[in-house]
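Here's the structure we're looking at; comments come further down.
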Amino acid sequence: MIFVFKTSVQHRKQANYLINELVLSLKISSCNFDLEDCDKILRMESQIEISDLVIKIMGQHNFICEELF
């Protein structure tokens with residue numbers, strides 16, 4: 001499954017840090033940010049449902065994260 005989120009991440013350094021945190025915490029196949037997009041998109045691929053966990057982890061690091069459908 002592919003999950004897509006709108007985030008408040010602004011900088012590549014923040015994105016790289018969050019990717020490391022998400023990879024360590026979740027069973028994901030791939031994870032990347034598109035900071036060029038106006039919604040600062042986070043895309044993730046996982047075999048299991050991870051939306052609530054992603055939103056929780058991002059919130060713990062003081063970032064807004066909203067799943068896009």
Side-chain angles (χ1 to χ4, degrees):
M1 292 183 282
I2 296 176
F3 301 88
V4 181
F5 302 89
K6 175 181 177 178
T7 74
S8 62
V9 175
Q10 296 295 316
H11 306 286
R12 179 57 47 196
K13 187 175 181 179
Q14 295 170 327
N16 290 339
Y17 173 79
L18 290 165
I19 287 170
N20 287 333
E21 291 294 309
L22 292 165
V23 168
L24 288 173
S25 301
L26 305 170
K27 294 180 179 181
I28 55 176
S29 303
S30 67
C31 178
N32 64 66
F33 280 90
D34 180 357
L35 299 180
E36 304 277 324
D37 188 275
C38 64
D39 289 330
K40 310 303 182 195
I41 296 295
L42 167 61
R43 287 183 186 86
M44 305 178 77
E45 188 173 338
S46 174
Q47 298 299 320
I48 61 172
E49 171 59 50
I50 57 170
S51 298
D52 290 341
L53 292 172
V54 171
I55 293 168
K56 180 180 176 183
I57 291 167
M58 293 286 288
Q60 289 172 341
H61 293 284
N62 299 314
F63 290 97
I64 296 167
C65 183
E66 175 184 326
E67 186 172 16
L68 300 177
F69 298 96

Calculate, to the nearest 0.5 Å, the distance between atoms [atom1] and [atom2] belonging to [X] and [Y] respectively.
X     : Y     : atom1 : atom2 : answer
Ser29 : Met44 : OG    : CE    : 10.0 Å
Leu53 : Ser46 : CG    : OG    : 9.5 Å
Phe5  : Glu66 : CZ    : CD    : 10.5 Å
Met58 : Thr7  : CE    : OG1   : 5.0 Å
Glu21 : Leu26 : CD    : CG    : 10.5 Å
Ile50 : Glu45 : CD1   : CD    : 9.5 Å

Determine whether [X] and [Y] fall in the same hydrophobic cluster, where Ile, Leu, Val, Met, Phe, Trp and Tyr are linked whenever their side-chain heavy atoms lie under 4.5 Å apart.
X     : Y     : result
Val4  : Leu18 : no
Leu68 : Ile57 : no
Val23 : Ile48 : yes

*Should the heavy atoms of other residues, nucleotides or ligands under 6.0 Å from CD1 of Ile64 be counted, would the total exceed 12?*
no

_Whether the Ser51 and Glu49 side chains hold a donor-acceptor pair (N or O, under 3.5 Å, no angle test) is what I'd like checked._
yes

*Considering all heavy atoms of both residues, which atom of Val9 and which atom of Ala15 are nearest to each other, and what is their separation?*
CG1-N, 3.8 Å

*Answer whether the closest heavy-atom distance between the side chains of Cys65 and Val54 falls below 4.5 Å.*
yes

Return all side-chain donor-acceptor pairs below 3.5 angstrom for residues 33-42, not counting sequence neighbours, or 'none' if the list is empty.
from, atom 1, to, atom 2, distance (Å)
Asp34, OD1, Glu36, N, 3.1
Asp34, OD1, Asp37, N, 3.3
Asp37, OD1, Asp39, N, 2.7
Lys40, NZ, Leu35, O, 2.8

